[in-house]
K.L.:
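Structure provided below as structure tokens; questions to follow.
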Amino acid sequence: MASLLPAAASSPAGAPARSKKRPASPGTGSGPAKKKKVAAAAGGSQSAGGEAMNENKFLNTDSSAGSVETAVKPLPFKDPKFIHSGIGGAAAGKKNRTWKNLKQILASERALPWQLNDPSYFSIDAPPSFKPAKKYSDISGLPANYTDPQSKLRFSTIEEFAYIRMLPSDVVTGYLALRKATSIVS
Amino acid sequence: MAAGRVFAFRDARWAPDPVLAPSPAVRSPQPVPLVIDNGSFQTRAGWAAADPSVPAEPLLRFRSLAARSRGARGGAGAETQVGNDLGSPEPLRWLLRSPFDRNVPVQLELQELLLDHVFQRLGVSSQGCVDHPIVLTEAVCNPLYSRQMMSELLFECYQVPKVSYGVDSLYSFYHNRRQNWPCSGLVISSGYQCTHILPVLEGRLDAKNCKRINIGGCQAAVYLQRLLQLKYPGHFAAITLSRMEEILHEHSYIAEDYIEELQKWRSPEYYENNVHKMQLPFSNKLLGSTLTSEEKQERRQQQLRRLQELNARRREEKLQLDQERLDRLLYVQELLEDGHMDQFHKALVELNMDSAEELQSYINKLSLAVEQTKQKILQAEVNIEVDVVDSKPETPDLDPLGSEQSLEDVESINEFEPLFAEDQPEVEKPVATVQPVFNLAEYHQLFLGTERIRAPEIVFQPSLIGEDQAGIAETMQYVLERYPKEQQAILVQNVFLTGGNAMYPGLKARVQKELLEMRPFQSSFQVHLASSPVLDAWYGAREWAVEHMTREEGWITRKDYEEKGGEYLKEHCASNVYVPIRLPKQAPRTTEALAPSRALTSSTGNPCEQV
């Protein structure tokens with residue numbers, strides 16, 4: 001177990017830290033070494049991206065000694081030297097460790113040379129509604145004819161109004177935030 | 001209808017998936033395709049083989065979530081759990097990560113974890129590669145970048161021989177086809193993150209007229225959660241997303257006519273008969289930590305005052321010390337002025353200084369520091385005075401944060417009693433106005449009245465949550481109007497509902513009513529619901545795979561990947577439309593990018609400049 005400590009300790013959660021563990025060189029180093037010892041192909045990338053060669057050797061001895069299955073058991077069907085190219089992108093290493101999120105992907109997709117009628121992820125967004133929105137009470141959901149001028153909450157009956165006036169301010173803001181009606185200046 | 005019943009939450013735990021041993025038929029005579037319905041809510045995976053020994057069901061169904069939990073003993077237990085191995089999503093809620101951003105996989109490391117889980121549990125035994133062709137679902141009009149990354153993962157990490165991408169709703173449409181295929185129809189697919197309206201003409205998706213509403217089961221669950229948390233602030237922590245999903249799956253329905261249904265809920269007898277009371281587990285903490293924001297501010301101010309006092313005391317002590325030292329130095333300086341050279345030099349050595357100039361500079365620094373400290377003390381005193389004038393009267397000698405005083409609790413309970421009375425609005429007299437004894441069971445119940453129809457309604461009226469996109473009905477109308485009248489009539493004859501979020505009772509009736517309103521008077525239309533809205537995508541993909549196992553069409557081979565890039569797509573009856581734009585290949589750590597084929601700036605690789 002002690003041998004696993006360095007391996008596990010070097011894999012704290014967090015995307016930037018994880019991406020650092022991806023580099024292929026320890027993997028390639030351990031690859032051939034493992035193939036000699038264990039029949040299964042090396043899953044170096046799986047073993048928390050073991051940094052030092054020593055750690056991999058420990059793992060080798062462990063697995064060859066038939067150790068119990070741990071979370072870092074190498075998977076046979078993978079290529080251990082694989083790195084995603086999306087991470088650590090084209091600007092080499094230090095920057096861009098994280099994956100692009102959808103917004104960034106779409107931003108770069110927009111820049112591609114689409115023709116007018118080409119379907120793309122952002123062109124099939126549904127249009128905004130043309131019909132005026134119906135107003136419902138924030139408390140009960142019934143159709144609301146009235147709005148409280150103090151808190152801007154909508155209500156449909158007198159009891160609801162009394163209830164609204166007794167609400168603490170954070171609940172009021174919560175209801176408004178629910179329908180995205182919070183004002184920027186409080 | 002029975003009177004409003006009390007229901008308990010099942011809070012089911014997931015059973016971990018065993019490592020299965022597939023029947024030998026999956027590898028002989030040739031490795032059969034592996035069908036993976038890669039959804040943002042759930043991943044379903046299984047084999048596609050004509051052989052009866054291979055089950056025609058998805059063998060694996062798990063939530064598309066992974067969590068890397070740190071072990072209890074400082075780092076040594078850190079492990080990644082995927083899907084059903086998590087047991088229950090609630091304890092790890094903040095650690096759960098999904099490869100999806102909306103309905104597109106973007107975090108491909110997590111996707112890799114999910115695929116590892118799939119391959120391992122299905123019993124893929126090939127060495128160094130996954131030998132089976134893969135059928136994978138992707139988003140409608142999947143961004144090219146995402147497909148490129150996914151192809152790279154499949155072809156380079158798993159060395160898959162060939163891959164086919166398709167749209168889940170189209171597979172479902174294919175599975176539910178009637179006699180004459182290829183047919184046309186309007187597919188309405190409501191999933192976890194978004195809802196699509198897809199017109200299909202002659203068996204092929206008419207992609208340029210598709211529309212996507214960014215509302216699905218996830219938004220409904222979050223909406224319901226916030227509604228209940230605002231209504232029952234005392235049960236904030238007990239109102240979890242898993243329980244919300246349970247409510248949506250089992251206690252919610254879609255009203256055929258929303259306004260009419262709401263009117264029904266106005267009447268107290270209807271309410272009594274139809275309210276679903278969800279019983280929460282009993283907890284001892286009665287309103288323990290529900291301090292209102294005003295009370296929280298009080299606490300904060302007290303803490304601030306305490307800190308200020310502490311600082312003031314520290315400053316005074318420092319001032320005293322500095323003053324003493326300054327006096328000593330001044331005394332030594334006087335020695336020099338008076339001419340007592342020997343004593344002066346001895347004192348200098350004691351003070352660890354070399355010369356009179358150094359002594360002078362020290363004196364200067366110290367006097368400056370003393371001055372500043374005096375200034376700060378003066379300022380602080382002024383502030384404290386101002387605070388004392390402004391602050392509300394506070395109870396003296398408050399306990400440190402976290403202790404609850406029973407007096408406070410009883411008062412808060414009384415405050416909340418009339419609020420609970422509001423839940424049974426009309427005729428029913430408020431249960432108790434100001435009474436220390438109250439119905440403990442009822443306190444721990446969530447009353448679901450109009451919430452049962454409000455949460456699913458957001459996909460028809462996104463304005464309920466402040467979205468300005470149009471709902472399903474209006475978007476359907478918009479899509480239909482892009483076609484000539486004859487085609488509209490054809491499409492409307494085969495309106496097909498599918499997707500996990502389409503399982504609410506009453507959806508079909510509602511869609512029929514909306515169509516009745518928007519179609520010309522006395523024109524006909526037909527609405528069908530998928531036979532199994534959740535699983536039909538997988539079944540359809542499997543059918544397609546079994547039929548096309550040996551054919552070439554629809555499969556992207558490794559050679560195609562290498563020649564035409566990861567974003568290449570081979571079209572087939574259930575796939576997206578391929579727009580032939582080449583993306584530059586993302587180079588892992590070199591700075592070179594291949595020149596793209598169409599006139600393209602080299603901006604794709606660097607998101608920092610992009611956004």
Side-chain angles (χ1 to χ4, degrees), chain A residues 5 8-9 11 13 41 71 75-79 82-86 88-93 95-96 99-102 104-109 111-113 117-121 124-129 131 133 136 140-143 157 159 163 166 168-171 174-175 178-181, chain B residues 68 75-76 78-79 101-102 104 106-108 116 119-120 124 126-130 141 143 145 149 156-158 207-208 210-213 226 230 259 262 266 292-293 422 425 450 454 463 465-466 468-470 474-475 577 579 581 586-589 591 593 598 603-608 610-611:
Chain A
L5 264 172
S11 66
L75 293 171
F77 42 73
K78 292 174 65 166
D79 175 5
F82 172 67
I83 333 162
H84 293 271
S85 62
K95 298 200 271 180
N96 307 346
W99 295 95
K100 285 194 195 184
N101 63 16
L102 186 64
Q104 291 169 324
I105 295 180
L106 291 181
S108 47
E109 291 267 316
L112 295 177
N117 268 337
D118 281 345
S120 61
Y121 190 84
I124 62 172
D125 246 328
S129 169
K131 304 187 180 156
Y136 299 99
S140 65
L142 302 171
T157 62
E159 293 86 1
Y163 179 76
M166 286 198 292
S169 61
D170 49 352
V171 175
Y175 275 119
L178 210 50
R179 57 180 168 89
K180 300 209 184 145
Chain B
R68 174 169 283 187
E79 48 177 46
D101 187 341
R102 210 186 279 156
V104 175
V106 298
Q107 297 262 351
L108 282 151
D116 282 348
F119 296 142
Q120 193 198 26
V124 169
S126 42
Q127 297 293 331
C129 69
V130 171
C141 296
Y145 180 82
M149 291 289 113
E156 309 228 353
C157 181
Y158 296 109
K208 62 181 184 300
C210 293
K211 284 298 162 196
R212 179 191 66 244
I213 308 170
R226 298 224 181 103
L230 288 169
I259 303 286
L262 285 177
R266 271 185 193 269
T292 60
S293 58
E422 290 306 313
T450 52
R454 276 167 95 180
S463 54
I465 49 175
D468 49 10
Q469 278 192 314
E474 208 181 323
T475 311
V577 167
V579 180
I581 299 179
Q586 312 294 331
R589 242 166 302 107
T591 47
R598 285 201 210 176
S603 53
T604 315
N606 196 340
C608 293
Q610 210 66 8
V611 179

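For clarity, every value in this text was computed on a predicted model and none was experimentally measured. Here is how names work: the chains are called A, B, and so on, in the same order as the sequence lines, proteins then strands, and each is numbered from 1.
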K.L.:
Working to the nearest 0.5 Å, report the span between NZ of A:Lys100 and CG of B:Asp101.
P.N.:
13.0 Å
K.L.:
Do B:Arg212 and A:Asp125 sit within salt-bridge range, that is, some charged N less than 4.0 Å from a carboxylate O?
P.N.:
yes
K.L.:
Shorter than 4.5 Å, heavy atoms on both sides: which option in B:Ile259, B:Val577, B:Thr475 has the most such pairs with chain A?
P.N.:
B:Ile259
K.L.:
Write down the atom of A:Ser129, the atom of B:Glu474, and the distance for their closest heavy-atom approach.
P.N.:
OG-OE1, 2.8 Å
K.L.:
Which bit of A:Leu178 is near chain B, if near means a heavy-atom gap under 4.5 Å: side chain, backbone, both or neither?
P.N.:
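Interface part for A:Leu178: both.
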K.L.:
Do you know which of B:Glu156, B:Arg226, B:Lys211, B:Arg102 has the most heavy-atom pairs with chain A at a distance under 4.5 angstrom?
P.N.:
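When all of B:Glu156, B:Arg226, B:Lys211, B:Arg102 are compared, B:Lys211 has the most.
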K.L.:
Could you tell me the separation between the CH2 atom of A:Trp99 and the CE atom of B:Met149, rounded to the nearest 0.5 Å?
P.N.:
6.5 Å
K.L.:
What is the distance from atom OH of A:Tyr136 to atom CG of B:Leu262, rounded to the nearest 0.5 Å?
P.N.:
6.5 Å
K.L.:
Which of the residues B:Val124, B:Leu108, B:Val130 is involved in the greatest number of heavy-atom pairs with chain A at under 4.5 angstrom?
P.N.:
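Ranked by contacts with chain A, first place is B:Leu108.
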K.L.:
Roughly how far apart are A:Leu102 CG and B:Gln107 CD, rounded to 0.5 Å?
P.N.:
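A:Leu102 atom CG to B:Gln107 atom CD measures 11.5 Å (nearest 0.5 Å).
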K.L.:
Taking every heavy-atom pair that is under 4.5 Å apart, which of B:Cys210, B:Ala207, B:Cys141, B:Gly466 has the most such pairs with chain A?
P.N.:
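The option with the most such pairs is B:Cys141.
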K.L.:
Heavy-atom pairs under 4.5 Å with chain B are the metric here; pick the option from A:Ser140, A:Gly174, A:Ala133 that has the most.
P.N.:
A:Ser140
K.L.:
Report which part of B:Leu230 has an atom under 4.5 Å of a heavy atom belonging to chain A: side chain, backbone, both, or neither.
P.N.:
both
K.L.:
Applying side-chain contact (heavy atoms from CB on, under 4.5 Å) between B:Val579 and each of A:Asn117, A:Leu112, A:Asp118, report the one that passes.
P.N.:
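Considering A:Asn117, A:Leu112, A:Asp118, a side-chain contact (heavy atoms from CB on, under 4.5 Å) with B:Val579 is found only for A:Asp118.
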